[in-house]
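By convention in this document, chain letters (A, B, ...) are assigned in the order of the sequence lines, proteins followed by strands, and residues within each chain are numbered from 1. None of the values given here were measured: they were computed from a predicted structure. For the numbers below, each heavy atom of this structure counts, side chains included, while hydrogens, waters and symmetry mates do not.
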2 protein chains.
Amino acid sequence: MFKVSKKSQYGLRAMVYLAKKDSKEFFSLKDISGKESIPFDFLEKIMSELEKVKLVKAKKGIQGGYVLARNPERITAKDIVSALENTTAVDCSFCGKSKKCLTKNVWRKIDVAINKTLKSMTLSDLIS
Amino acid sequence: MFKVSKKSQYGLRAMVYLAKKDSKEFFSLKDISGKESIPFDFLEKIMSELEKVKLVKAKKGIQGGYVLARNPERITAKDIVSALENTTAVDCSFCGKSKKCLTKNVWRKIDVAINKTLKSMTLSDLIS
DNA sequence: ATAAAGCCGACAAGAATTGTCGGCTTTTAA
DNA sequence: TTAAAAGCCGACAATTCTTGTCGGCTTTAT
Ligand code: FES
Ligand code: FES
């Protein structure tokens with residue numbers, strides 16, 4: 001519970017890697033997975049998801065790879081994590097039955113705190 | 001990821017239930033599990049863990065059950081969740097290899113935010 | 001003495017996470 | 001124009017975590 005998934009760890013590390021380069025150059029999965037010690041096939045899925053939400057651009061073929069889709073200061077940790085996780089913190093099957101639940105507020109506040117924290121950090125912040 | 005476990009949901013609900021009663025009376029697993037729709041056997045393990053860290057007192061035999069070990073205003077959501085979960089938010093196998101990791105700060109801040117939030121709410125707050 | 005409880009350890013089912021594979025398409029460079 | 005380098009995609013396998021169950025034991029009030 002509240003444990004950071006490998007997927008998000010890998011995803012954020014890969015994005016920070018690209019942000020550090022800060023160029024129009026494309027970097028391949030092979031390169032990223034090697035430098036960041038991320039399982040190649042797993043990273044492929046991760047980058048594919050990040051591409052679908054337009055955080056990175058992909059190019060096929062020789063000299064292909066990935067590049068950030070926008071400036072590091074316009075990509076937050078939340079953008080990345082939200083793209084990779086089904087981020088519905090509380091999923092309570094009892095909520096329907098209980099008129100006014102005294103515990104829901106706890107989980108809601110945690111949800112808010114997590115999202116606020118994630119939103120407050122951009123890739124640019126992380127590499128500076 | 002960052003999903004609230006049933007275990008903590010159940011644990012907190014059970015503790016709030018006891019806090020609402022706010023008496024020296026003992027309430028049985030049967031009672032709590034019935035009123036809060038929590039699987040009996042699962043709740044038994046949960047309460048047993050809460051007893052081990054002295055958040056509740058248990059009494060065996062007829063008329064036995066559980067009661068809060070101290071005042072609701074002296075029990076925080078964090079006390080309860082920490083007792084039930086292995087709460088090491090980040091567990092990164094790459095940390096050893098990377099001299100200075102640019103992403104660790106993200107996870108550390110989230111950890112802080114979660115704990116601060118949990119710590120800020122007592123059972124007494126929740127039932128008022 | 002008996003019944004109502006909690007205690008404990010083992011274990012089983014289910015779900016989520018993590019990782020792998022094979023074959024496909026696109027792109028570039030020789 | 002063809003071969004190699006890359007990304008794309010869907011399926012699936014391994015592992016781990018969560019959730020739940022069970023049987024037998026001990027303690028306690030009546
Ligand atoms: S009833 Fe769903 S969180 Fe309380
Ligand atoms: S290397 Fe472990 S969190 Fe970055």
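- Other cluster members for A/I62: none, since no ILVMFWY side-chain heavy atom sits under 4.5 Å from it.
- Counting non-hydrogen atoms of other residues, nucleotides and ligands closer than 6.0 Å to CD of B/E73 gives a total above 12.
- A salt bridge (charged side-chain N to carboxylate O under 4.0 Å, His left out) check over residues 78-87 of chain B, counting only residues at least two apart or in different chains, returns the pairs B/R70-B/D79.
- When heavy atoms are screened at a 4.0 angstrom cut-off, A/Y10 is found touching the sugar-phosphate backbone but no base atom.
- Within the 4.0 angstrom heavy-atom criterion, no nucleotide atom of any strand lies near A/K30.
- Following rounding to the nearest Å, B/R13 (CZ) and D/dT19 (P) show an atom-to-atom distance of 12 Å.
- Residue B/D41 contributes atom CG, which lies 16 Å from atom C1' of D/dT18 at whole-angstrom precision.
- In terms of the side-chain hydrogen bond (donor to acceptor under 3.5 Å, both in side chains) criterion, residue partners of A/D125 (sequence neighbours excluded) are, by chain and number, A/T122.
- Along DNA chain C, the stretch of nucleotides lying under 4.0 Å from any heavy atom of chain B spans, 5' to 3', C/dA3 to C/dT17.
- Not one side-chain nitrogen or oxygen of A/Y66 sits closer than 4.0 Å to the OP1 or OP2 atom of D/dA6.
- With rounding to whole Å, B/Q9 atom CD is found 12 Å from D/dT18 atom C1'.
- Taking atom NZ of residue B/K7 and atom P of nucleotide D/dG20, one finds them 12 Å apart after rounding to whole Å.
- Near DNA chain D, defined here as any heavy-atom distance below 4.0 Å, the residues from residues 46-64 of chain B are B/K60, B/G61, B/I62, listed numerically.
- Note on residues 48-63 of chain A: pairs passing salt bridge (charged side-chain N to carboxylate O under 4.0 Å, His left out), not counting sequence neighbours, are A/K7-A/E49.
- The ring pair (Phe, Tyr, Trp, His ring centres under 6.0 Å) analysis of residues 33-62 of chain A, with sequence neighbours excluded, yields the pairs A/Y10-A/F42.
- Taking for each of A/K45 and B/K45 the nucleotide of DNA chain C with the nearest heavy atom, the 5'-most of the two is the partner of B/K45.
- Listed by chain and number, the residues in a side-chain contact (heavy atoms from CB on, under 4.5 Å) with A/S28 are A/K30, A/D31 (sequence neighbours excluded).
- Note on ring orientation: taking the six-membered ring where Trp is involved, the planes of A/Y17 and A/F27 are perpendicular (angle over 60°, cut-offs 30° and 60°).
- In the hydrophobic clustering (ILVMFWY side chains linked at under 4.5 Å, chained through shared members), A/V67 is joined by A/F26.
- Mapping B/G65 and A/E85 onto DNA chain C by nearest heavy atom places B/G65 at the nucleotide closer to the 5' end.
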